[in-house]
Amino acid sequence: QAEKANILEVLLSNYNDGCKKTLFCVAVNLLELQELQTVLREIDRKPDMKTMTIKEKSAFVAGLLQDAAAEKNIDLKLHKKKG
């Protein structure tokens, strides 16, 4: 859990464009630690990450998380209760 908390902190502090907080929180909760570590490695391997805007970084990271979730048939949308 501590490792997942660290990963969430990295995602929020480096890749949150103001619109991805919920997605990042849900992803860290639902994905396995190994999958999250794989996503972080993919981020590190992206050569143009330093020149991307925060919106571009955020969209790229969100896409990686969505892809990782899709492989496991996990929906990263937050389903709010009605009423």
Side-chain angles (χ1 to χ4, degrees):
Q1 286 300 78
E3 182 67 22
K4 279 187 158 194
N6 290 339
I7 290 172
L8 180 59
E9 180 58 36
V10 167
L11 293 174
L12 291 175
S13 57
N14 297 310
Y15 308 108
N16 184 23
D17 65 357
C19 303
K20 300 290 189 296
K21 190 174 187 176
T22 301
L23 174 77
F24 292 165
C25 291
V26 171
V28 169
N29 273 303
L30 296 180
L31 294 173
E32 298 293 327
L33 181 59
Q34 186 177 346
E35 294 158 340
L36 294 168
Q37 291 167 334
T38 299
V39 166
L40 288 181
R41 281 194 297 277
E42 288 183 49
I43 293 167
D44 288 341
R45 282 200 295 262
K46 182 125 174 88
D48 56 348
M49 210 55 171
K50 301 239 185 307
T51 60
M52 294 168 78
T53 67
I54 188 66
K55 269 203 163 335
E56 291 169 330
K57 287 180 188 178
S58 184
F60 174 71
V61 173
L64 291 178
L65 292 169
Q66 294 280 14
D67 291 346
E71 286 180 23
K72 302 286 181 187
N73 289 325
I74 295 172
D75 181 8
L76 292 183
K77 288 193 174 72
L78 186 62
H79 299 283
K80 297 179 182 176
K81 290 184 180 176
K82 292 183 173 113

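In what follows, residues are counted from 1 in the order of the sequence shown.
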Asks: Give, for atom CG of Asn16 and atom NZ of Lys57, the distance between the pair rounded to the nearest 0.5 Å.
Replies: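 Between Asn16 CG and Lys57 NZ, I get 12.5 Å after rounding to 0.5 Å.
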
Asks: Report the residues that fulfil side-chain contact (heavy atoms from CB on, under 4.5 Å) with Asn14, sequence neighbours left out, ordered by chain and then residue number.
Replies: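 In terms of side-chain contact (heavy atoms from CB on, under 4.5 Å), with neighbours along the sequence ignored, Asn14 is linked to Val10.
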
Asks: Which residue, Val28, Leu23, Thr22, forms the side-chain contact (heavy atoms from CB on, under 4.5 Å) with Val26?
Replies: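 Exactly one option meets the side-chain contact (heavy atoms from CB on, under 4.5 Å) with Val26, and it is Thr22.
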
Asks: Within a 6.0 Å radius of atom NZ on Lys21, are there more than 12 heavy atoms belonging to other residues, nucleotides or ligands?
Replies: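 No - once you tally the heavy atoms of other residues, nucleotides and ligands closer than 6.0 Å, there are 12 at most.
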
Asks: What distance separates Leu65 CG from Ile43 CD1, expressed to the nearest 0.5 Å?
Replies: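 Answer for the CG-CD1 pair, Leu65 versus Ile43, is 7.0 Å.
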
Asks: Tell me if a side-chain donor or acceptor on Ser58 pairs with a main-chain N or O of Ile54 at a distance below 3.5 Å.
Replies: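 Side chain of Ser58 to backbone of Ile54, a donor-acceptor pair under 3.5 Å: no, none is there.
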
Asks: If I take atom CD from residue Glu32 and atom OG1 from residue Thr38, how far apart are they, to the nearest 0.5 angstrom?
Replies: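 The OG1 atom of Thr38 is 11.5 Å from CD of Glu32, to the nearest 0.5 Å.
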
Asks: Once you round to the nearest 0.5 Å, how far does CD of Glu35 lie from CG of Leu40?
Replies: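 Between Glu35 CD and Leu40 CG, I get 12.5 Å after rounding to 0.5 Å.
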
Asks: Filter on salt bridge (charged side-chain N to carboxylate O under 4.0 Å, His left out), then keep only pairs touching residues 2-16, sequence neighbours left out; what's left?
Replies: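 Of all non-adjacent pairs touching residues 2-16, none passes salt bridge (charged side-chain N to carboxylate O under 4.0 Å, His left out).
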
Asks: Testing the basics here: between Leu12 and Phe24, what is the closest heavy-atom pair and its distance to 0.1 Å?
Replies: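 Result for this residue pair: CD2-CD1, 3.9 Å.
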
Asks: Looking at CZ of Phe60 and CE of Met52, how far apart are the two atoms once the value is rounded to the nearest 0.5 Å?
Replies: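 Spacing of CZ (Phe60) from CE (Met52) equals 6.5 Å.
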
Asks: Between Tyr15 and Met49, is a side chain to side chain contact (heavy atoms under 4.5 Å, CB included) present by the stated rule, with each step listed?
Replies: CA-CA 10 Å; Tyr15 308 108; Met49 210 55 171; 3.5 Å; yes

Asks: Looking at CD1 of Ile74 and CG of Asn29, how far apart are the two atoms once the value is rounded to the nearest 0.5 Å?
Replies: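 Nearest 0.5 Å value for the CD1-CG distance: 11.0 Å.
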
Asks: Tell me every residue that passes salt bridge (charged side-chain N to carboxylate O under 4.0 Å, His left out) with Asp17, counting only those two or more places apart in sequence or in another chain.
Replies: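 For Asp17, the residues satisfying salt bridge (charged side-chain N to carboxylate O under 4.0 Å, His left out) (neighbours in sequence not counted) are Lys20, Lys55.
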
Asks: Looking only at non-hydrogen atoms, find the nearest pair between Ala68 and Val39 and report the distance.
Replies: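 That would be CB-CG2, 4.2 Å.
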
